[in-house]
Number of protein chains: 2
Amino acid sequence: MSDTRRKLIDGAIEAIRTVGISGVSARSIAAAAGVNQALVFYHFGSVHELLGAACMTHTKASVELFQPALDKVTTLKQLLAVGRDMHTQQSQTFNVTILAQLLAGSRTDAGLAETTRAALQLWIDAIEQVLIRVLATSPAKDLVDTKGLASAVSAAFIGLELYEGIDPAGAVHALDTLDQLAVLVEVVDDLGPIARRAFRAKVKRVADR
Amino acid sequence: MSDTRRKLIDGAIEAIRTVGISGVSARSIAAAAGVNQALVFYHFGSVHELLGAACMTHTKASVELFQPALDKVTTLKQLLAVGRDMHTQQSQTFNVTILAQLLAGSRTDAGLAETTRAALQLWIDAIEQVLIRVLATSPAKDLVDTKGLASAVSAAFIGLELYEGIDPAGAVHALDTLDQLAVLVEVVDDLGPIARRAFRAKVKRVADR
DNA sequence: GTCTATACCAGGATAGAC
DNA sequence: GTCTATCCTGGTATAGAC
């Protein structure tokens, strides 16, 4: 990949982060990239195309970067912790920030929507693998669709990121609460044999109906 | 409130819905409202001010409209059902769609961020009241911070709305999965006295540490 | 492949007629 | 309170020099 293409992609990420989807433009991206504005169109054809390419590249790199951390996760609480770590470690280029802005922008551009969907799917797939592993020993195992839950978790994370933008303290509070709830799940997983059997029976009854 | 102000507020909602935060402008709003573009500035001073006013008005009306439905909710499953109903019944003016777009736009405007925060808070407060009622009889009661959970639920809903924009089928699937999970909570709430006592003891131990 | 220059349009905002 | 006209800025996109 040429040097300018890479600069433009980095510039696009930087621009989305600083001015948001509603302020991003060929000029703001070129300024962040330190190259001429016309090159956006030479290399990518349009601003939206560049945004899509940047989103895909950035998401791929981000998922790969955190894959080792995800592989170590054995509880829901730890999964949440990885999410929070991502945010603090990479506050300058946090991928979920980018995805949130592009998701909002995808409302008016079908092409961008498709790329954003594909990028988000990378996270969903990675998270699903974690969930399959984490839930393998849970008594609630048969009641949970891992694909659906992985989508829900990803979407929720995006919502929390947007919420953080308007109420940082509230977002921390919300995440702390989810942390507590993750403990609740462990409590269920950790019930004694009698309670566990009663739980399983209930779950089975509910799952069958 | 004057007729034109109302028209502009309705037009702003309409414009956010159709062109999104990145496409919204004094001209697009005025076109949707059927009034002259200059009136945006006469009545509201700036486009962002109008967006903030529209967001607040629309959210207030939406919360009031769904308050009776929220008052009837007695389980998490029903709370989720109200959310889904809102979406289908009000697909033209779904308030969460508006909030999601303004949340994304708030990244670059502190004033808009504050108004959006206040508007979202209306939902969070309403949902917290529901949660207090729903969780009152749950054995997990003492472990859950209702304020934090209400924020998390609201944020998650916004994320799901954005996700729906790029993958409608995936979003339905995610919501169906959450529906199943809500059942799981009922299972816990519905354990027999022995299991319930064991559960409470575990929760207490966890809550104390 | 990159830069300059430029055409052209959309958006924010104001002045002033009515 | 509303409309017309207008200014200016910044946005997309292309042509053409280098």
Side-chain angles (χ1 to χ4, degrees), chain A residues 1-55 57 101-102 104-113 115, chain B residues 1-55 57 98 101-102 104-113 115-116:
Chain A
M1 183 154 62
S2 87
D3 192 51
T4 304
R5 276 185 74 94
R6 206 180 35 70
K7 275 187 197 165
L8 281 170
I9 284 177
D10 291 348
I13 298 300
E14 167 77 6
I16 292 170
R17 210 188 60 81
T18 50
V19 296
I21 188 69
S22 66
V24 92
S25 69
R27 287 199 220 268
S28 62
I29 291 171
V35 302
N36 189 279
Q37 167 261 147
L39 293 175
V40 168
F41 303 97
Y42 176 78
H43 285 286
F44 296 94
S46 76
V47 175
H48 272 162
E49 285 286 318
L50 168 53
L51 290 179
C55 175
T57 304
Q101 291 293 315
L102 287 192
S106 289
R107 186 165 187 83
T108 37
D109 185 308
L112 188 56
T115 313
Chain B
M1 182 160 58
S2 87
D3 193 50
T4 303
R5 276 185 75 94
R6 205 179 36 71
K7 276 187 193 165
L8 280 170
I9 283 175
D10 291 348
I13 299 299
E14 168 78 5
I16 292 169
R17 212 187 59 81
T18 51
V19 297
I21 188 68
S22 66
V24 92
S25 70
R27 289 179 147 92
S28 62
I29 292 171
V35 303
N36 189 279
Q37 168 261 147
L39 294 175
V40 169
F41 304 97
Y42 177 78
H43 284 286
F44 296 92
S46 75
V47 174
H48 274 162
E49 285 286 319
L50 168 52
L51 290 179
C55 176
T57 305
I98 312 298
Q101 291 292 315
L102 287 193
S106 291
R107 186 164 187 82
T108 37
D109 185 308
L112 188 56
T115 314
T116 309

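We name chains A, B, ... by the order of the sequence lines, and we start the count at 1 in each one.
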message: So A/R5 and A/L8, do their side chains get closer than 4.5 Å, heavy atoms only?
response: no
- prompt: Between C/dA17 atom C1' and B/N36 atom CG, what is the distance in whole Å?
  reply: 13 Å
- request: Give me the residues of residues 5-35 of chain B where at least one heavy atom lies under 4.0 Å from an atom of DNA chain C, by number, or none.
  value: B/S25, B/A26, B/R27
field: Atom of A/I29, atom of A/A15 and distance for their closest heavy-atom approach
entry: CG1-CB, 3.9 Å
- prompt: Minimum heavy-atom separation for B/K7 to B/V35, with atom names?
  reply: CD-CG1, 3.8 Å
Taking distance alone, no hydrogens or angles, what donor-acceptor pairs closer than 3.5 Å link side-chain atoms of residues 20-27 of chain B to residues at least two apart or in another chain?
from: B/S25; atom 1: OG; to: B/R27; atom 2: N; distance (Å): 3.4
from: B/S25; atom 1: OG; to: B/S28; atom 2: N; distance (Å): 3.0
from: B/S25; atom 1: OG; to: B/S28; atom 2: OG; distance (Å): 3.2

task: Walk me through it: do B/Y42 and B/N36 pass the test side-chain contact (heavy atoms from CB on, under 4.5 Å)?
output: CA-CA 10 Å; B/Y42 177 78; B/N36 189 279; over 6 Å; no
message: A side-chain contact here means heavy atoms from C-beta on lying under 4.5 Å apart; do A/R6 and A/D3 qualify?
response: yes
field: Near-strand residues of residues 37-47 of chain B, defined as heavy-atom separation under 4.0 angstrom from DNA chain C
entry: B/Q37, B/A38, B/F41, B/S46, B/V47
query: So which heavy atom on A/T18 is nearest to which on B/T108, and how close?
result: O-CG2, 3.6 Å
field: Distance, nearest 0.5 Å, that separates OG of B/S2 from CG of B/L39
entry: 9.0 Å
